[in-house]
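Remarks on the structure that follows.
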Amino acid sequence: MTKKLKILVVAGDGIGPEVTGEAVRVLQSVAEEGGHEFTFREEPIGGVAIQGQGSPLPKVTLEAALASDAVLLGAVGGNEFNALPPSERPEAGLLQLRNALGGFANLRPSFAWPGLSANSPLRPEVVEGADILFVRELLGGLYFGEPRQWDRAKGAAWNTMRYTRDEVVRVAKVAFELASKRGKKLTSVDKANVLEVSQLWRAAVTEVAKDYPDVAVEHQYVDAMAMHLMNRPRDFDVVLTENLFGDILSDEAAVITGSLGMLPSATIGGKVNLYEPVHGSAPDIAGKGIANPLGAILTAAMVLRYSAGLEDEAQAIEAAVKQVLAQGARTADLARGDKSVKVLSTPEVGAKVLEALGSRTGAAAR
Ligand code: IPM
Ligand code: MN
């Protein structure tokens, strides 16, 4: 069946445009091959929008996002904005966009891709087979809690980690649903030995757990979890976290894969789903054509899975990525510790994925 999808592309800063370009090419090829109608519109966000339009989230971008079926983001941020207060930085544009789109469940799969274990500083026998899905709450906690302020006169600053029971319940339900379709195990992360907000979190998760008797639940303190993730990543299936804990642990989980450049994400549950690779704008390598596009390409697969209902096509992309990795053709971030790797540029890796995808589906490669 023909699928129609209006995709807003907000490539943003740094390596954002480079990696997003490859993701868009993959989506275009899937559309062409399957006779789907995907349209792409581009608008600025983040630092480029501050420089061009005077705001990290211009009104046209926000309106285009709300009028789309899916938003594909590259990255935001840059060193030239480091002196600005949080509310004026490129990151504020992304946070405003997340809030406006309303998606509260940020899915961040972290997968030990076959053949990449040499790239991880962890021993192969520790990482091989790891397959974790982080469900990070995205609209609450310290990121959005009030009050927040840096009172310079007082020499004090504060942020607020705030959750309501309902905010925890709705994201917990998403996590339990996913767990019941995967490994039937859910680890909820909190700091309930210190924080009231974590005690509420744990109580709400325990409440939701009653409706999912087939899912085994455990609660871990975030400090211990940071260690378990490195010691025994294969023991985890779905990991449910509040906003900041999930931000931190999902970067840590990149160690399992061997590069932050491999991790995709999808944010669901709101008006419009938002798709973004986990990595940042990486100003140090921006414009050099060496960034890893696979996180963005795997994010494109999530667009197909969660916004287009094209599960087979999503899996075809993931299989194509697997195939390209097996060929030993990779960007520089994936070459560590492996002399047999042929280091390729961003567009070269993108082209390899298209080629692998074409040979799987019969489409002519670019
Ligand atoms: C992420 C990023 C963002 C976050 C920043 C850019 C606002 O680190 O998506 O993980 O902290 O959520
Ligand atoms: Mn982050």
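Indexing begins at 1, ligand by ligand and atom by atom, following the structure's order.
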Output all residues satisfying side-chain hydrogen bond (donor to acceptor under 3.5 Å, both in side chains) with Asn159, sequence neighbours left out; order by chain, then residue number.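 With neighbours one apart ignored, the set is empty.
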Nearest-contact summary for [atom] - protein heavy atom, Å:
| atom | answer |
| --- | --- |
| atom 2 (C) of ligand 1 | Asp247 OD1, 4.0 Å |
| atom 1 (C) of ligand 1 | Arg108 NH2, 3.3 Å |
| atom 3 (C) of ligand 1 | Arg98 NH2, 3.7 Å |
| atom 4 (C) of ligand 1 | Tyr143 OH, 3.5 Å |

Between Lys185 and Asp235, is there a donor-acceptor pair closer than 3.5 Å when you use the side chain of the first and the backbone of the second?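 Indeed, once roles are kept as given, a pair shorter than 3.5 Å links the two residues.
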Looking at every non-hydrogen atom in both residues, tell me the closest pair between Arg162 and Thr164 and how far apart they are.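 Smallest heavy-atom distance, with atoms named: NH1-CG2, 3.7 Å.
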Would you call Glu348 and Lys342 a salt bridge, using N to O less than 4.0 angstrom?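 Between Lys342 and Glu348 there is no salt bridge, as every charged N stays at least 4.0 Å from the carboxylate O atoms.
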Using the ring of Phe38 (Phe, Tyr or Trp, six-membered ring only), decide whether Lys3 places NZ or CZ under 6.0 Å from its centre and within 45 degrees of its axis. no
Only one of Val26, Leu294, Val349 forms a side chain to side chain contact (heavy atoms under 4.5 Å, CB included) with Val321, so which one is it?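 That would be Leu294.
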Quick check for you: within a radius under 2.8 Å, how many protein N, O or S atoms neighbour the Mn ion (ligand 2)? 1
From the list Tyr143, Phe144, Trp201, ring pair (Phe, Tyr, Trp, His ring centres under 6.0 Å) partner of Tyr163 resolves to Trp201
